[in-house]
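None of the values given here were measured: they were computed from a predicted structure. Only heavy atoms go into these numbers, but all of them, side chains included; no hydrogens, no water, no symmetry mates. Each ligand, and each atom within it, is numbered from 1 in the order the structure gives.
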Amino acid sequence: MQLKVFKFGGASVKDSEGYRNVGSILSNFSSEKIVIVVSAMGKTTNALEEVVKSYYEQDDKTSYLLEQIRESHINLIKDLFVASKDVIDDINDTLVEIEWVLEEKPHEDFDYTYDQIVSIGELLSSKILGHYLNHLNINSAWIDVRDIIITDNTYRDARIQWDITQINAASKILPVLNTKNHIVTQGFIGSSSENFTTTLGREGSDYTAAILSYCLDADSMHIWKDVPGVLTGDPRIFDEVIKLPRLSYKEAIEMTYYGAKVIHPKTIKPIQNKRIPLYVRPFLDPSSEGTVISDEKELSYPPVIVIESDQALLHISTNDFSFVAEHHLSMIFALLAKYRLKVNMMRNTAISFSVCVNNIPDRIKKFETELGHDFKMISDNDLELVTIRHFNEDVLKDMKKNKLILFEERLQDTVQMVARNLPKMKRKELQ
Ligand code: ADP
Ligand code: ASP
Ligand code: MG
């Protein structure tokens with residue numbers, strides 16, 4: 001069976017116009033077998049995070065925040081098509097799952113509760129898409145991805161149990177495709193083997209599409225975006241970016257590893273392992289191929305810049321002037337792994353070790369506490385990690401303008417810097 005996996009992110013379903021556009025894209029593929037993975041509408045995940053926060057703080061805003069989410073979904077449906085009572089009931093019934101959680105006292109495991117609440121965003125957006133496709137007479141079925149993707153119970157960052165997920169995909173998705181051309185399901189969420197909802201980490205819907213592509217042996221995977229494809233830099237930061245028409249899996253995994261926000265970093269491995277081509281395509285220009293990521297080998301690339309903001313540089317040193325020896329390093333790394341602090345850059349001297357990590361204050365605090373009394377830690381915040389692949393000296397000079405460089409490392413084709421942006425006045429003085 002020829003099969004495509006499509007992923008529509010939050011930006012593509014942010015309003016009724018977005019859903020109409022998705023419907024129009026799908027109508028061009030009505031005779032093809034497609035599994036459609038959809039993210040929560042627009043900024044719904046952020047809004048649900050606010051509900052969780054308010055619930056844990058036990059302030060009086062929780063129900064108001066939830067009602068706003070209900071209203072935005074119902075209003076979108078009313079804008080999109082004349083919905084029957086069943087459709088509105090379906091949305092309200094889905095939100096009841098959150099109301100049940102909110103009736104109880106906050107559970108001691110914040111991450112567990114977070115997943116039970118935040119996962120509702122994808123259930124809502126996918127249900128709306130399912131109903132809308134029915135309304136358009138597009139032959140489709142809605143599937144709860146939690147019956148397919150089974151994970152461990154690392155809430156908010158769940159790991160896939162591949163064997164069972166693969167069995168589920170084959171036994172619960174493929175038979176449906178015998179009668180339906182399209183299947184609509186959710187990105188970002190899964191289920192633990194005890195049947196609790198889990199999430200795969202923020203922006204995880206791309207990864208869901210890759211998991212399903214892998215498990216179903218898809219012929220291609222397509223991520224529909226609000227950009228022409230993968231660009232040489234984030235267009236929100238840089239004016240002069242160009243589209244990369246073709247990328248190798250290796251280049252794509254390097255870019256996403258360093259923080260290119262266009263694709264979730266875990267996406268590439270599953271599709272590379274089965275050599276499935278990935279198209280990053282503009283939803284506003286569906287006839288364009290966008291960027292094709294595949295098994296290319298000898299491509300040459302222009303300079304590509306990736307900026308990861310909100311970095312912390314942790315300077316760890318021994319209290320008694322003893323060397324930072326291998327056994328210290330191994331203990332430090334074990335703690336970094338324990339608190340899931342990703343090492344973005346590092347350096348050591350005789351009595352100190354410095355490491356650049358994503359600034360996640362609660363995990364850094366726990367890490368520091370567990371380091372114990374033999375070490376002292378100073379942390380530098382508000383930093384950027386700048387990665388330039390395929391650099392040239394001009395680009396490098398340009399990127400260093402108005403920045404204080406704290407760390408720099410040059411490899412053959414990559415330069416990385418941890419930098420602080422200088423305040424505006426300083427920038428002027430430098431010109
Ligand atoms: P969605 O969640 O709708 O799938 P995202 O907002 O997560 O989409 O990702 C698309 C955004 O990624 C773009 O709007 C763009 O601002 C940003 N982006 C960052 N780096 C790049 C890059 N190198 N190429 C293209 N887009 C990028
Ligand atoms: N809705 C989730 C998020 O905003 C997952 C995704 O969009 O990929 O993080
Ligand atoms: Mg996204």
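For ligand 1, the polar-atom distance check finds an N/O of Lys225 within less than 3.5 Å of one of the ligand's N/O atoms. Remark: ligand 1 and Asp206 share no N or O pair separated by less than 3.5 Å (distance only, no angle test). Geometrically, ligand 1 and Val227 share no nitrogen or oxygen pair separated by less than 3.5 Å.
For Gly9, the heavy-atom gap to ligand 2 stays at 4.0 angstrom or more.
Remark: among candidates Thr45, Val262, Asp226, the nearest residue to atom 26 (N) of ligand 1 is Val262, based on non-hydrogen atoms. In this comparison of Gly42, Ala11, Gly233, Ser12, the heavy atom closest to atom 3 (O) of ligand 1 sits on Ala11.
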Quiz item: Can Phe6 and Phe29 be said to form a ring-ring contact (aromatic ring centres under 6.0 Å, His included), step by step?
Solution: CA-CA 11 Å; Phe6 280 9; Phe29 295 90; 5.0 Å; yes
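Of the protein's non-hydrogen atoms, Arg236 NH2, 3.5 Å is the one closest to atom 17 (C) of ligand 1. Nearest protein neighbour of atom 4 (O) of ligand 2, counting heavy atoms only, is Arg202 NH2, 3.0 Å. From the protein, the heavy atom lying nearest to atom 6 (C) of ligand 2 is Ser205 OG, 3.3 Å. The shortest contact between atom 15 (C) of ligand 1 and any protein heavy atom is with Asp234 OD1, 3.7 Å. The closest protein non-hydrogen atom to atom 24 (N) of ligand 1 is Leu231 N, 2.9 Å.
Atom CD of Glu194 has more than 12 heavy atoms from other residues, nucleotides or ligands within 6.0 Å. Remark: Arg246 CZ is loosely packed, at most 12 non-hydrogen atoms of other residues, nucleotides or ligands lying under 6.0 Å away.
Atom 6 (O) of ligand 1 lies below 4.0 Å from none of the non-hydrogen atoms of the protein.
Taking the ring centroids of Tyr112 and Phe196, they lie under the 6.0 Å cut-off. Between Phe81 and Tyr19, the distance separating the two ring centers is not shorter than 6.0 angstrom. Note: Phe283 and Phe8 fail the aromatic proximity criterion, with ring centroids not under 6.0 Å apart.
Of all the atoms in ligand 1, the ones that sit under 4.0 Å from a non-hydrogen atom of Gly229 are 24 (N), 25 (C). Residue contact check: Thr45 has heavy atoms under 4.0 Å from atoms 1 (N), 2 (C), 3 (C), 4 (O) of ligand 2. Distances below 4.0 Å separate heavy atoms of Ser39 from the following atoms of ligand 2: 6 (C), 7 (O), 8 (O). Ligand 1 places these atoms under 4.0 Å from at least one heavy atom of Gly9: 1 (P), 3 (O), 4 (O).
Checked by atom type and distance alone, the side chain of Ser125 pairs as donor or acceptor with a backbone atom of Ser39 at under 3.5 Å.
Here the side chains of Asn168 and Asp147 are not in contact, with every heavy-atom distance at 4.5 Å or above.
The minimum heavy-atom distance between Ile405 and Lys400, with the atom names listed, is CD1-CG, 4.1 Å.
The part of Glu122 lying near ligand 2 is the side chain, judged by heavy-atom distances below 4.0 Å.
Paired with Trp142 under the rule side chain to side chain contact (heavy atoms under 4.5 Å, CB included), one option of His131, Lys180, Gln186 passes, and it is Gln186.
Metal site remark for the Mg ion (ligand 3): Glu203 contributes an N, O or S atom at a distance under 2.8 Å.
No side-chain donor from either of Glu384 and Ser309 sits under 3.5 Å from a side-chain acceptor of the other.
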